[in-house]
Amino acid sequence: MTIRVIIVDDQAMVRAGFAALLAAQPDVDVVGEAPDGRAGVAVARSTHPDVVLMDVRMPEMDGLAAAREILSPPPGVVHRPKVLMLTTFDVDDYVYEALRAGASGFLLKDAPPADLIAAVRIVAGGEALLAPSVTRRLIADFAASRPAPRRDRSLRLNGLTPRETEVLELIARGLSNQEIAGRLVLAEQTVKTHIGRVLAKLDLRDRAQAVVFAYESGLVTPGEA
């Protein structure tokens with residue numbers, strides 16, 4: 001299957017570099033580019049990409065607002081691509097809001113080329129791109145400034161089994177599937193099964209939303225060991 005990608009970034013050289021890199025891959029087709037968020041929404045609507053690479057800081061409409069429009073389209077628009085946010089450490093505060101908006105993850109703009117290619121494939125395959133190390137460093141920081149746990153989300157936790165609750169907590173703490181399997185003494189495939197059930201029961205799209213849910217429900221508190 002060919003992965004259709006659009007690149008939304010206000011720097012022409014960045015767009016050109018990413019486009020050249022991705023177009024060289026046999027399973028990736030770059031179907032559009034845009035210099036700002038507003039144009040990015042329009043290109044996404046017209047080209048129906050599988051993945052949108054979205055810069056955070058842009059003129060006209062920033063990447064966060066554009067991601068919201070793409071992921072929460074008006075009635076009649078049924079296509080919803082995956083959105084992968086491109087960020088740098090100096091704009092970390094955007095990441096939590098991007099995940100809440102439905103973005104499937106984020107990638108540092110100075111990541112190695114191989115990481116960009118892998119990220120596009122991971123997100124296109126339906127997985128969230130949340131590197132455990134980044135999850136540990138960033139998500140807790142963002143959640144620390146969020147409001148008190150939402151009661152509606154706390155109540156939804158009651159539908160999980162104790163093991164599923166445990167798995168959700170470890171996801172939010174930034175553990176990979178392999179690390180969760182080691183911690184709980186389970187097969188990695190069993191961990192994947194538990195994660196699938198957690199997402200289905202809580203009506204969450206991917207691992208990224210699971211992390212946000214865990215913090216907003218109060219299951220995980222920033223700063224805990």
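Residues take their numbers from the sequence shown, with the count starting at 1. Keep in mind that the numbers below use all heavy atoms, side chains included, and drop hydrogens, waters and symmetry copies.
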Going by an N to O cut-off under 4.0 Å, is there a salt bridge joining Glu169 and Arg173? yes
Given side chains that start at C-beta, do those of Pro73 and His79 come closer than 4.5 Å, heavy atoms only? no
If we only count heavy atoms from C-beta on, is the Met61 to Asp36 side-chain gap below 4.5 Å? no
Give, for atom CZ of Phe213 and atom CG of Leu157, the distance between the pair rounded to the nearest 0.5 Å. 4.5 Å
I need the single residue from Ile180, Leu184, Ile171 that forms a side chain to side chain contact (heavy atoms under 4.5 Å, CB included) with Val191. Which is it? Ile180
Between Leu202 and Leu160, is there a side-chain heavy-atom distance shorter than 4.5 Å? yes
Interatomic spacing from CG in Leu116 to CG in Asp110 - rounded to 0.5 Å: 12.0 Å
Point-to-point distance, once rounded to the nearest 0.5 Å, from NZ of Lys192 to CZ of Arg197: 15.0 Å
Once side chain to side chain contact (heavy atoms under 4.5 Å, CB included) is applied, do any residues pair with Ala111, and if so which ones, sequence neighbours excluded? Leu107, Asp115
Presence of salt bridge, Asp62 and Arg57, under 4.0 angstrom: no
Residue pairs meeting ring-ring contact (aromatic ring centres under 6.0 Å, His included), one or both in residues 178-200, sequence neighbours left out, come to none
Taking only distance into account, with no hydrogens and no angle test, what donor-acceptor pairs under 3.5 Å do side-chain atoms of residues 10-26 form with protein atoms, sequence neighbours excluded?
unit_1	atom_1	unit_2	atom_2	d
Arg15	NE	Glu33	OE1	3.4
Arg15	NH1	Asp9	O	2.7
Gln25	NE2	Leu21	O	3.1

Separation of Ile117 CD1 from Asp27 CG (nearest 0.5 Å): 9.0 Å
Indicate if Ile122 and Met1 have the same hydrophobic cluster label, given that clusters are the connected sets of ILVMFWY residues with side-chain heavy-atom separations under 4.5 angstrom. yes
Starting from the C-alpha separation in whole Å, work towards a yes-or-no answer on side chain to side chain contact (heavy atoms under 4.5 Å, CB included) for Met85 and Val56. CA-CA 7 Å; Met85 304 299 295; Val56 168; 3.9 Å; yes
Met54 side chain near Leu64 side chain, heavy-atom distance below 4.5 Å: no
Distance in Å, Lys82 NZ paired with Ile3 CD1, rounded so as to fall on 0.5 Å steps: 12.0 Å
Do Val30 and Ile7 have side-chain heavy atoms sitting under 4.5 Å apart? yes
Starting from the C-alpha separation in whole Å, work towards a yes-or-no answer on side chain to side chain contact (heavy atoms under 4.5 Å, CB included) for Arg156 and Lys201. CA-CA 9 Å; Arg156 285 165 62 188; Lys201 287 183 177 182; over 6 Å; no
